[in-house]
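Sequence lines set the chain letters: A, B, ... in the order given, protein chains first and strands last, and positions in each chain run from 1.
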Amino acid sequence: DAGITQSPRHKVTETGTPVTLRCHQTENHRYMYWYRQDPGHGLRLIHYSYGVKDTDKGEVSDGYSVSRSKTEDFLLTLESATSSQTSVYFCAISRQEIRGELFFGEGSRLTVL
Amino acid sequence: DAKTTQPPSMDCAEGRAANLPCNHSTISGNEYVYWYRQIHSQGPQYIIHGLKNNETNEMASLIITEDRKSSTLILPHATLRDTAVYYCIVRVVEYGNKLVFGAGTILRVKS
């Protein structure tokens with residue numbers, strides 16, 4: 001299994017509060033991704049990173065920000081959580097851009113009340 | 001983006017080969033076909049990918065038609081643990097390594 005750890009694995013919070021999800025890898029892979037998964041929508045890309053301090057938006061980036069100050073950590077922040085951001089969040093890593101082989105973490109289930 | 005079309009669900013008997021089809025008629029010449037699967041509540045798992053030649057690894061085989069407009073993922077001896085959602089994805093080259101997941105096929109392996 002790829003060395004990916006997501007934290008927290010489960011979180012319940014209230015609307016308007018800030019939330020940060022952490023993805024930590026031990027593989028020294030260059031590329032990291034945040035996806036969310038919702039019933040009826042499948043997996044959708046939020047943000048991704050192609051190196052330290054290099055990030056870009058995915059298809060559903062509104063309301064989310066990311067940071068990557070170290071190769072091993074990719075943080076996803078919800079500045080002011082809303083109920084529509086209740087979801088399961090998956091982090092993924094990839095070594096080579098060309099191969100496209102992503103390794104996913106176990107997911108973080110976030111509930112915003 | 002090249003789109004993929006998969007049947008929403010399929011059943012397979014345990015021990016038999018599972019053949020999962022995928023249509024990608026608008027695929028471009030430099031786009032790869034990837035297959036992932038997701039077992040209930042877990043993160044997606046990479047299975048295999050290919051460009052135009054058939055590919056085989058320890059998990060599965062990928063058969064791509066000569067015109068590349070469709071492909072089939074083959075699990076040679078399906079087990080109950082292969083019950084999962086299987087995603088056929090065509091890599092969107094202009095977005096680098098980002099993969100766009102569709103609805104996939106729910107494969108139910110039955111004893």
Single-linkage hydrophobic cluster, 4.5 Å side-chain cutoff, V88(A) and Y35(A) together: yes

Residue by residue, scan residues 105-113 of chain A and write down, ordered by number, those that have a heavy-atom distance under 4.5 Å to chain B; if none do, write 'none'. G105(A), E106(A)

Distance, nearest 0.5 Å, that separates CD of Q37(A) from CZ of F101(B): 9.0 Å

Do Q42(B) and F90(A) have side chains that approach each other closer than 4.5 Å (heavy atoms only, starting at C-beta)? no

Show which side-chain atoms of residues 51-61 of chain A pair as donor or acceptor with protein atoms under 3.5 Å away, not counting sequence neighbours.
residue	atom	partner	partner atom	Å
E59(A)	OE2	L45(A)	N	3.3

Kindly compute the distance separating CD (E101(A)) from CD1 (I47(B)), expressed to the nearest 0.5 Å. 11.5 Å

I'd like to check the side chain to side chain donor-acceptor pair (under 3.5 Å) partners of K69(B); sequence neighbours left out, ordered by chain and number. none

Between Y87(B) and I63(B), is there a shared hydrophobic cluster once you connect ILVMFWY residues whose side-chain heavy atoms come closer than 4.5 Å? no

Pick one of side chain, backbone, both or neither for Q6(A), based on which atoms fall under 4.5 Å of a heavy atom in chain B. neither

Determine whether M59(B) and I64(B) fall in the same hydrophobic cluster, where Ile, Leu, Val, Met, Phe, Trp and Tyr are linked whenever their side-chain heavy atoms lie under 4.5 Å apart. yes

Other residues, nucleotides and ligands only: do more than 12 of their heavy atoms fall within 6.0 Å of CZ on R16(B)? no

Are V12(A) and V19(A) connected, step by step, through hydrophobic side chains (Ile, Leu, Val, Met, Phe, Trp, Tyr) whose heavy atoms are closer than 4.5 Å? no

Does any pair with a residue in residues 34-72 of chain B pass disulfide bond (SG atoms under 2.5 Å apart), and if so which ones, sequence neighbours excluded? none

Before giving the answer on side chain to side chain contact (heavy atoms under 4.5 Å, CB included), spell out for L102(A) and Y36(B) the whole-Å C-alpha distance, their side-chain angles and the decisive distance to 0.1 Å. CA-CA 9 Å; L102(A) 269 62; Y36(B) 282 75; 3.5 Å; yes

F104(A) and Y46(B): aromatic ring centres closer than 6.0 Å? no

When you group the ILVMFWY residues by side-chain heavy-atom contacts below 4.5 Å and let the links chain together, are Y32(B) and Y31(A) in the same group? yes

